[in-house]
Protein chains: 2
Amino acid sequence: MNMPYPTSSSTATPTHTFPAHIEHQLDKATALCTQQGARMTAQRRDVLGLILMHARPVGAYDLLEELKTAERRPAPPTVYRALDFLLEHGLIHRIERLSAFIPCTNLRHCSHTHEHSEACLHTAQFLICRDCKTVTEIADTTVLETLKHICKNENFVIQSTSVEVEGLCADCASKHPTKELPHQGV
Amino acid sequence: MNMPYPTSSSTATPTHTFPAHIEHQLDKATALCTQQGARMTAQRRDVLGLILMHARPVGAYDLLEELKTAERRPAPPTVYRALDFLLEHGLIHRIERLSAFIPCTNLRHCSHTHEHSEACLHTAQFLICRDCKTVTEIADTTVLETLKHICKNENFVIQSTSVEVEGLCADCASKHPTKELPHQGV
DNA sequence: GAATGCAATGTAATACTATTACATTTTCTC
DNA sequence: GAGAAAATGTAATAGTATTACATTGCATTC
Ligand SMILES: [Zn+2]
Ligand SMILES: [Zn+2]
Ligand SMILES: [Zn+2]
Ligand SMILES: [Zn+2]
């Protein structure tokens, strides 16, 4: 029907461009992939870039919308495949309670590529604010150590963990009547 | 079109009957509700009974199927409303990673109604076996204490927490080439 | 530099999970 | 019994994720 686009080379050149600081984080992510023998394609880079652009967790279908250009209208599998890749390589996290995704905090804040290591790939801990929806990744290792200890006792082999704490961040808590965790018995 | 059924009194008499040991657990749950000024209706009792009948986490739509009788074909809101009630009263838990529900382990194992208390209402911890899908609720309080400590430092007000550990249970681990939690760096 | 094979992507359809909005019925309280 | 609140019924829709299969891009080998 239409004139074909110039063999679009979807995996060759990114469709999106981002602010310099995001591009820098994307370059860092790309380096990490290369180092692991994984391919950071244009598609995956676009998705990661979009996630990095958000201050809050973003849903798969939001990303799908943002991926649309004049030339391309990706379908769900496109974004889910990219998300799977990024998850597998520890570049993003999925917030289970929100069915949404955030960049790994290390991409934003660490200058050293090997920090966090294990503590971030298949295990992470988050503080989720109900009010402003901000999610903070916490770096603590005590919780994981405790879980490891418990699981060792039960001969349970840990493959991944998720810890999600929901409540009010400091900012929002100061604006609200305090609703703490209630105490009731079963 | 059809003859109306005898004013079915949906909230009066349970539509389902369960084995004696399940009925006993349901009675316990009912007592807890009463004690809290909450109403354990027939609908809610049916849903809880069905959940207790399962050895593994069960999805909302599975329950919906199981709720169907010759007389009634409940719609999604019916089961979701019952689930919300049961969650709010700490009688069941939602496993986020599975979008599925399990009974609170206390219903099965505790003779004392006030055990666990807080540790079970809005906070719980689970070991999820990838292989056999069994979910075990763990009773440890150390993790929650640690999280509270962390949050106190950040002035984050905790309202609820979830800890999900995914891997292989002892039984399944013994049948498999060990796939531990990998170590890679970001 | 064709042939081969695998990784990545495109595309359409469908499955699964959850909520909204509004009508009706039941239960509680007075 | 009247009125209010809680619970349920019902239809439609929203939101999230996967399956299955065709096609393309890319790397290796001969
Ligand atoms: Zn991380
Ligand atoms: Zn906040
Ligand atoms: Zn519990
Ligand atoms: Zn198992």
Side-chain angles (χ1 to χ4, degrees), chain A residues 1-2 4-15 30 33-34 36-48 57-69 71-89 94-101, chain B residues 1-2 4-15 30 33-34 36-48 57-69 71-89 94-101:
Chain A
M1 285 287 183
N2 291 330
Y5 291 97
T7 35
S8 71
S9 82
S10 71
T11 48
T13 42
T15 329
T30 304
C33 288
T34 306
Q36 294 177 23
R39 280 152 61 179
M40 173 65 92
T41 64
Q43 196 92 254
R44 293 162 178 171
R45 187 177 170 108
D46 283 348
V47 171
L48 181 55
V58 55
Y61 277 71
D62 293 329
L63 293 168
L64 199 51
E65 277 303 307
E66 296 172 4
L67 278 174
K68 287 183 181 168
T69 65
E71 300 152 26
R72 14 185 78 241
R73 326 230 85 199
T78 297
V79 70
Y80 279 105
R81 284 192 281 235
L83 290 170
D84 285 345
F85 175 90
L86 298 170
L87 285 169
E88 277 164 18
H89 292 83
R94 181 190 154 94
I95 309 299
E96 301 292 342
R97 292 186 168 211
L98 305 179
S99 297
F101 305 85
Chain B
M1 282 292 183
N2 289 331
Y5 292 98
T7 33
S8 72
S9 83
S10 70
T11 48
T13 43
T15 329
T30 304
C33 286
T34 306
Q36 293 177 24
R39 280 151 62 179
M40 174 64 94
T41 64
Q43 196 92 255
R44 292 163 177 170
R45 187 177 170 109
D46 284 348
V47 171
L48 180 55
V58 55
Y61 277 73
D62 293 330
L63 293 169
L64 198 52
E65 277 304 308
E66 296 172 5
L67 277 175
K68 288 183 182 168
T69 65
E71 302 153 25
R72 17 184 72 243
R73 328 228 78 192
T78 296
V79 69
Y80 279 105
R81 284 192 279 233
L83 291 170
D84 285 345
F85 175 89
L86 298 170
L87 285 169
E88 278 163 17
H89 292 83
R94 181 190 154 93
I95 310 298
E96 300 292 340
R97 291 188 170 210
L98 305 178
S99 297
F101 304 86

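In the text below, chain A, chain B and the rest are named by the order of the sequence lines, each starting its count at 1.
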Rounded to whole angstroms, how far apart are [atom1] on [X] and [atom2] on [N]?
{"X": "A:Leu67", "N": "C:dA8", "atom1": "CG", "atom2": "P", "answer": "17 Å"}
{"X": "B:Arg72", "N": "C:dT26", "atom1": "CZ", "atom2": "C1'", "answer": "12 Å"}
{"X": "B:Leu63", "N": "C:dC16", "atom1": "CG", "atom2": "C1'", "answer": "14 Å"}
{"X": "A:Leu64", "N": "C:dA12", "atom1": "CG", "atom2": "P", "answer": "14 Å"}
{"X": "B:Gln36", "N": "D:dA6", "atom1": "CD", "atom2": "C1'", "answer": "17 Å"}
{"X": "B:Leu87", "N": "C:dT19", "atom1": "CG", "atom2": "P", "answer": "11 Å"}

Using the test side-chain contact (heavy atoms from CB on, under 4.5 Å), find all partners of [X] that sit at least two apart in sequence or belong to another chain.
{"X": "A:Ser99", "value": "A:Arg94"}
{"X": "A:Ala75", "value": "A:Pro77"}
{"X": "B:Glu66", "value": "B:Leu50, B:His54, B:Leu63"}

At a cut-off of 3.5 Å, list every protein nitrogen or oxygen paired with a nitrogen or oxygen from nucleotides 15-19 of chain D, distance to 0.1 Å.
| from | atom 1 | to | atom 2 | distance (Å) |
| --- | --- | --- | --- | --- |
| D:dA17 | OP1 | A:Arg94 | NH1 | 2.3 |
| D:dA17 | OP1 | A:Arg94 | NH2 | 2.8 |
| D:dA17 | OP2 | A:Tyr80 | OH | 2.9 |
| D:dA17 | O5' | A:Tyr80 | OH | 3.4 |
| D:dA17 | N7 | A:Tyr61 | OH | 2.6 |
| D:dA17 | N6 | A:Tyr61 | OH | 3.2 |

- Task: Could you list the residues that satisfy ring pair (Phe, Tyr, Trp, His ring centres under 6.0 Å) with B:Tyr80, not counting sequence neighbours?
- Result: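 Expected list: none.
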
- Item | Inter-end axis angle, the helix from C:dG1-D:dC30 to C:dC30-D:dG1, with every axis fitted to five base pairs (rounded, 10 degrees) |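 Between the axes fitted at each end of the helix from C:dG1-D:dC30 to C:dC30-D:dG1 lies an angle of 30°.
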
Would you say [X] and [Y] make side-chain contact, with heavy atoms under 4.5 Å?
{"X": "A:Leu48", "Y": "A:Met40", "answer": "yes"}
{"X": "A:Phe85", "Y": "A:Arg81", "answer": "no"}
{"X": "B:Phe101", "Y": "B:Ile95", "answer": "no"}
{"X": "B:Lys68", "Y": "B:Pro74", "answer": "yes"}

Under-4.0 Å side-chain N/O to phosphate OP1/OP2 contact, [X] with [N]:
{"X": "B:Gln43", "N": "D:dG9", "result": "yes"}
{"X": "A:Arg44", "N": "C:dT9", "result": "yes"}
{"X": "A:Arg39", "N": "D:dC26", "result": "no"}
{"X": "B:Thr78", "N": "D:dG9", "result": "yes"}

- Those residues that, when tested against B:Thr30, pass side-chain hydrogen bond (donor to acceptor under 3.5 Å, both in side chains) (two or more places apart):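 For B:Thr30, the residues satisfying side-chain hydrogen bond (donor to acceptor under 3.5 Å, both in side chains) (neighbours in sequence not counted) are B:Arg45.
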
